[in-house]
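What follows is one structure encoded as structure tokens, with my remarks underneath.
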Amino acid sequence: KAGVTQTPRYLIKTRGQQVTLSCSPISGHRSVSWYQQTPGQGLQFLFEYFSETQRNKGNFPGRFSGRQFSNSRSEMNVSTLELGDSALYLCASSFPLSGGNTGELFFGEGSRLTVL
Amino acid sequence: LAKTTQPISMDSYEGQEVNITCSHNNIATNDYITWYQQFPSQGPRFIIQGYKTKVTNEVASLFIPADRKSSTLSLPRVSLSDTAVYYCLVGALNAGGTSYGKLTFGQGTILTVHP
């Protein structure tokens with residue numbers, strides 16, 4: 001069974017540009033969440049989607065946005081990039097909750113963004 | 001949101017038992033405690049989850065006292081391959097098909113296992 005796939009794995013942008021990152025969840029998973037990981041701030045929650053609807057949002061500026069498609073694939077977009085946006089962006093998917101389901105998050109390997 | 005506190009780093013030797021404690025003083029009634037392991041350039045991987053008392057699986061044990069204000073991940077007989085960052089995650093499992101609400105990851109504990 002294929003895991004969570006994130007593309008691209010690495011990318012370099014310059015300040016002011018915008019970037020779109022893609023996440024394909026494990027087949028059957030309907031919940032997708034995004035995280036930013038930096039050495040100084042650790043792992044921070046960006047947002048979570050379920051059935052094409054944003055369910056929760058972390059404390060990030062409006063430059064960070066996302067969406068989910070009907071096939072559960074998700075994208076996140078960062079506009080007007082700043083140097084501080086350089087980070088590893090991780091996507092995770094999970095099964096719908098049911099009896100005995102832990103709600104385990106399955107993470108992709110991440111997209112490493114460098115802003116110059 | 002439950003804030004979590006973990007030691008920044010720990011050192012151990014192969015074959016020893018390692019216990020990593022996470023403090024979460026304002027944990028809510030609906031919150032579960034989950035631990036993840038992360039290797040460099042990879043996403044975190046689920047280790048174990050619990051609500052109260054003790055949970056054990058094939059790789060670890062999780063001890064949660066009655067007041068649930070802390071939890072301890074126990075790794076028996078660690079090896080060099082257990083060198084990684086370990087995260088304590090506290091969050092509520094919501095009904096309706098979502099996983100957690102706003103998630104709170106700790107800063108993570110860097111575990112280094114020496115030969």
Side-chain angles (χ1 to χ4, degrees), chain A residues 3-6 9-10 23 25-26 28-60 68 72 87-112, chain B residues 1-9 22 28 30-52 55-60 62 64 71 84-110:
Chain A
V4 177
T5 304
Q6 292 189 246
R9 288 293 313 281
Y10 302 92
C23 173
I26 293 172
H29 288 194
R30 295 168 61 192
S31 178
V32 173
S33 50
W34 289 88
Y35 306 83
Q36 181 194 66
Q37 186 170 38
T38 60
Q41 298 295 320
L43 201 61
Q44 293 187 288
F45 171 75
L46 280 158
F47 23 66
E48 177 186 5
Y49 288 89
F50 176 76
S51 292
E52 303 178 64
T53 301
Q54 186 179 90
R55 291 300 181 97
N56 289 290
K57 189 177 192 304
N59 297 322
F60 280 82
Q68 186 180 34
S72 294
L88 179 67
Y89 290 88
L90 290 161
C91 164
S93 71
S94 62
F95 276 114
L97 285 175
S98 61
N101 184 353
T102 64
E104 175 184 347
L105 296 172
F106 293 82
F107 284 85
E109 293 190 312
S111 293
R112 185 165 295 281
Chain B
L1 299 175
K3 183 181 185 308
T4 60
T5 304
Q6 303 173 232
I8 294 174
S9 63
C22 179
N30 294 333
D31 285 345
Y32 280 71
I33 300 149
T34 313
W35 285 80
Y36 284 82
Q37 175 193 56
Q38 186 179 25
F39 297 110
S41 300
Q42 294 185 23
R45 184 178 66 176
F46 176 93
I47 301 174
I48 196 166
Q49 183 184 81
Y51 183 81
K52 61 181 178 180
V55 180
T56 298
N57 62 21
E58 62 275 9
V59 299
L62 178 59
I64 305 169
S71 58
V85 180
Y86 292 83
Y87 290 97
C88 166
L89 169 63
V90 175
L93 294 175
N94 298 316
T98 58
S99 55
Y100 296 88
K102 286 193 178 183
L103 306 177
T104 306
F105 276 87
Q107 285 297 309
T109 298
I110 301 171

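So that the names make sense, note that chain A is the first sequence line, chain B the second, and so on, each numbered from 1. Computation of the quantities below employed the complete heavy-atom set of this structure, encompassing side-chain atoms and omitting hydrogens, waters and symmetry-equivalent molecules.
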Going by side chain to side chain contact (heavy atoms under 4.5 Å, CB included), name the residues that satisfy it together with A:Q44, two or more places apart in sequence or in a different chain.
A:Q36, A:Q41, A:F60
Hits for side chain to side chain contact (heavy atoms under 4.5 Å, CB included) against B:S9, two or more places apart or cross-chain, chain-then-number order -> B:I110
Pair A:F107, B:F46 - check side chain to side chain contact (heavy atoms under 4.5 Å, CB included), show working.
CA-CA 9 Å; A:F107 284 85; B:F46 176 93; over 6 Å; no
Answer with side chain, backbone, both or neither: which region of A:Q37 has an atom nearer than 4.5 Å to a non-hydrogen atom of chain B?
side chain
On a heavy-atom basis, which atom in A:L90 and which in B:G43 lie closest, and how many Å separate them?
CD2-CA, 3.8 Å
Would you compute the distance between atom CD1 of B:I47 and atom CD of A:E104 and round it to the nearest 0.5 angstrom?
10.5 Å
Pairwise distance CD(B:Q42) to CG(A:L88) - rounded to 0.5 angstrom:
11.0 Å
Flag, side chain of B:Y87 to backbone of A:L43, donor-acceptor distance under 3.5 Å:
no
